[in-house]
Novice: 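Have a look at the structure that comes next, please.
We use all heavy atoms of the structure for the numbers below, so side chains are in, but hydrogens, waters and symmetry mates are not.
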Amino acid sequence: MRRNRNRSERKGATLIELLVVAAIMLTLAAMSVPTIKPMMESQVTTRAASTVTTYLERARSRAIATGRPCGVQFEYYDGTYDPSADRGSASLVLRQVEIPPVYSGLTSGEEGVDPTGARVNTVDVGIGAITTITDVTDHRYGMRINQITRASDPYWSYFVDPDVDSKIQFNSIGPYYDVYCIGNVPYIVQIPGVELPTLTQATFKVIRSGKPRTTMTAPVGLPQGSVVDLEFSGTDSRSFAKGCDVTVMFAPTGELDYILDGDQKKLPGDTLYFLIGRWDRIAALGMNGTDSMAEDGLWNFEDPANFWVTLNPRTGVVSTVEVEQPFAYTLSEPFQGVVESRELARNSKRNVGGR
């Protein structure tokens, strides 16, 4: 039996055909870049705005739940501020912070501790002795102070922190006195018109009212390529300090409590604005003082792909609004454009997030 040796020929693409297809695909890809790039950039800033909004709302909820101030620290990213031109300042990382809980000594049932709780004594150290405390401000010189000594609290030093001003109340009655520490020795300062107490075995409550401390909540970083542009963030009519952290604190009522603008504690009055933008548009990377490093030369407050995260000081409500490009300003006075951009955000009905 003879075998049929005729077989069908296999056909394939030639090298020239493959090169033609590859060239067509590369051409189409190059033509689509101008369309795809803005969409990708917008997605980055959209995710960043959502991250900032969610983190602020989480801190507000914690303040309401715990009954003490909680907030968000916008951590200044070193190298984004140019002091020679007084330009720039940006944040890439957010941290949750809060005022520590009221401290009144250890409670009953804790191992190795007297179940009656902690007690303190106060010792009158006389008039003018405050002049020996070098870190107390001048206006308190000459006032009478009492030294506070520990009687039965092995964790007394938990609130004795030289870097944190505190207030103390004795026996759950009367006023809260300012507490200042030198080393591990705390002193209470007289309130004008109020006699300082000399007490033995007194209960106490301490409110640590200095700088907020970070919580156990993990810090959050913004998507790569996005920033919180602190150069152009601020209130209705002013920007934040440059080259330093900015901290927003919520009260237990949910409203805005105060702002730490660098080392300055400020009470809120106007709407807060945080500009969510792109890394290559921050002022510290700008060219000639008038254009950003981006290809189109726009600043973050001019880019419609960016967002304002706004915060109402009276309600604490956080919203996200698209940036609208300002029009009535000159390049020599960019801050006027920022003010106008904030005004457009405040009046905008295009809320794309928040509540």
Novice: Tell me, do S341 and F232 make a side-chain contact under 4.5 Å, heavy atoms counted?
Specialist: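 Answer no - side chains too far apart.
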Novice: Looking at T310, T53, T46, which hits side chain to side chain donor-acceptor pair (under 3.5 Å) with T320?
Specialist: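 Result for side chain to side chain donor-acceptor pair (under 3.5 Å) with T320: T53.
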Novice: Answer yes or no: is there a donor N or O on one side and an acceptor on the other, between the side chain of Q96 and the main chain of A218, under 3.5 Å?
Specialist: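 Not at all, since once roles are kept as given, no pair shorter than 3.5 Å links the two residues.
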Novice: Hey, does the side chain of D303 reach the backbone of A305 with a donor-acceptor pair shorter than 3.5 angstrom?
Specialist: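 Yes; judged by distance alone, with no hydrogens or angles, the pair exists.
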Novice: If you group Ile, Leu, Val, Met, Phe, Trp and Tyr by side-chain heavy-atom gaps below 4.5 Å, do I173 and V206 land in one group?
Specialist: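 I173 and V206: separate clusters.
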Novice: Who pairs with Y76 by ring pair (Phe, Tyr, Trp, His ring centres under 6.0 Å), at least two apart in sequence or on another chain?
Specialist: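 Partners of Y76 by the ring pair (Phe, Tyr, Trp, His ring centres under 6.0 Å) criterion come out as none, since no residue qualifies.
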Novice: Can you confirm whether more than 12 heavy atoms, excluding those of Y77, are under 6.0 Å from its OH atom?
Specialist: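 No, not enclosed.
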Novice: If you define the side chain from C-beta out and look only at heavy atoms, does anything of K205 sit under 4.5 Å from Y176?
Specialist: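 SC-SC contact between K205 and Y176 confirmed.
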Novice: When you measure from the side chain of T122 to the backbone N and O of L199, does any donor-acceptor pair fall under 3.5 Å?
Specialist: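 It does hold such a pair.
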Novice: Scan D245, L92, V248 and name whichever one has a side chain to side chain contact (heavy atoms under 4.5 Å, CB included) with F74.
Specialist: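 The passing option is V248.
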Novice: If you draw the axis of the six-membered ring of Y81, does the NZ or CZ of K242 fall within 45° of it and under 6.0 Å from the ring centre?
Specialist: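 No, K242 does not lie over the aromatic ring of Y81.
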Novice: Could you grab the distance from atom CD of Q43 to atom OG of S226, nearest 0.5 Å is fine?
Specialist: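 So the gap between those two atoms works out to 12.5 Å.
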Novice: What pairs meet the salt bridge (charged side-chain N to carboxylate O under 4.0 Å, His left out) rule with one or both residues in residues 253-262, with sequence neighbours excluded?
Specialist: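 Residue pairs passing salt bridge (charged side-chain N to carboxylate O under 4.0 Å, His left out), neighbours aside: D261-K266.
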Novice: Check whether S89 reaches the backbone of G243 with its side chain - one donor and one acceptor, N or O, closer than 3.5 Å.
Specialist: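 Between the backbone of G243 and the side chain of S89 there is a qualifying donor-acceptor contact (under 3.5 Å).
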Novice: Taking C-beta and beyond as the side chain, do V317 and L311 meet within less than 4.5 Å on heavy atoms?
Specialist: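 Not in contact.
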Novice: Please answer whether the main-chain N or O of D270 pairs with a side-chain N or O of T235 as donor and acceptor at a distance below 3.5 Å.
Specialist: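 Not confirmed, T235 side chain does not pair with D270 backbone.
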Novice: Can you name the nearest heavy-atom pair linking V309 to A49, along with the distance?
Specialist: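 So the minimum-distance heavy-atom pair works out to CG2-O, 4.0 Å.
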Novice: V228 and S233: which non-hydrogen atoms are nearest, and at how many Å?
Specialist: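 Closest approach of V228 to S233, heavy atoms only: CG1-OG, 4.3 Å.
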Novice: Would you check if I276 and N306 make a side-chain contact, meaning some heavy-atom pair closer than 4.5 Å?
Specialist: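 I276 vs N306: side chains apart.
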Novice: Sort and list the pairs that fulfil salt bridge (charged side-chain N to carboxylate O under 4.0 Å, His left out) and have at least one residue in residues 220-238, not counting sequence neighbours.
Specialist: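 Sorted result for residues 220-238: R87-E231, D236-R346.
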Novice: How far does CG of D82 sit from CD1 of I282, to the nearest 0.5 angstrom?
Specialist: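 Going from the CG atom of D82 to the CD1 atom of I282 covers 11.0 Å.
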Novice: Measuring from atom CZ of F301 to atom CZ of R281, what distance do you get when rounded to the nearest 0.5 angstrom?
Specialist: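 F301 CZ to R281 CZ: 11.0 Å, rounded to 0.5 Å.
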Novice: Would the distance check show the side chain of Y177 and the main-chain N or O of I191 forming a donor-acceptor pair, the cut-off being under 3.5 Å?
Specialist: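 Flag not set: sc Y177 to bb I191 has no pair under 3.5 Å.
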Novice: Where is the tightest heavy-atom contact between R278 and N300, given as atom of each residue plus distance?
Specialist: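 In this case the closest contact between R278 and N300 is N-OD1, 2.8 Å.
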Novice: Can you tell if the side chain of I259 reaches within under 4.5 Å of the side chain of K265, non-hydrogen atoms only?
Specialist: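 Of all side-chain heavy-atom pairs linking K265 with I259, none is under 4.5 Å.
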Novice: Is the closest side-chain heavy-atom distance between V338 and W299 below 4.5 Å?
Specialist: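 No. Closest side-chain heavy atoms not under 4.5 Å.
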Novice: For F250 and G316, which heavy atoms make the closest approach, and how far apart are they?
Specialist: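 For F250 and G316, the tightest heavy-atom pair comes out as CE2-O, 3.8 Å.
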Novice: How far apart are the closest heavy atoms of W308 and R342, and which atoms are they?
Specialist: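 Scanning both residues, the minimum pair turns out to be CH2-CG, 3.7 Å.
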Novice: Search all heavy atoms of A63 against all heavy atoms of A251 and return the closest pair with its distance.
Specialist: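 Answer, listing the atom of A63 first, then A251: CB-O, 3.6 Å.
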Novice: Could you give the distance from CZ (F240) to CD (Q264), rounded to the nearest 0.5 Å?
Specialist: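 Here the interatomic distance stands at 13.5 Å.
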Novice: Tell me whether L56 is reachable from I64 by hopping between hydrophobic residues (I, L, V, M, F, W, Y) whose side-chain heavy atoms are closer than 4.5 Å.
Specialist: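 Per the 4.5 Å side-chain linkage, I64 and L56 are not co-clustered.
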Novice: For the residue pair F307 and E322, establish whether any side-chain heavy-atom pair is separated by less than 4.5 Å.
Specialist: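 When only atoms from C-beta onward are counted, E322 and F307 do touch, with a gap below 4.5 Å.
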Novice: Using salt bridge (Lys or Arg N to Asp or Glu O under 4.0 Å) as the criterion, list what pairs up with E98, not counting sequence neighbours.
Specialist: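 E98 satisfies salt bridge (Lys or Arg N to Asp or Glu O under 4.0 Å) with R62, R68 once adjacent residues are dropped.
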Novice: The criterion is side-chain contact (heavy atoms from CB on, under 4.5 Å); which residues satisfy it with T51, sequence neighbours excluded?
Specialist: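 Per chain and number, T51 pairs via side-chain contact (heavy atoms from CB on, under 4.5 Å) with V220, L222.
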Novice: So, using side-chain contact (heavy atoms from CB on, under 4.5 Å) as the criterion, who are the partners of T247 when residues are at least two apart?
Specialist: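 T247 satisfies side-chain contact (heavy atoms from CB on, under 4.5 Å) with Q73, V97, M249, L260 once adjacent residues are dropped.
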Novice: Taking the side chain as every heavy atom from C-beta outward, state whether V323 and L275 have any pair of such atoms under 4.5 Å apart.
Specialist: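 In contact.
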Novice: For the CD1 atom of I188 and the NZ atom of K167, what is their distance to the nearest 0.5 Å?
Specialist: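 Going from CD1 on I188 over to NZ on K167, the span is 12.5 Å.
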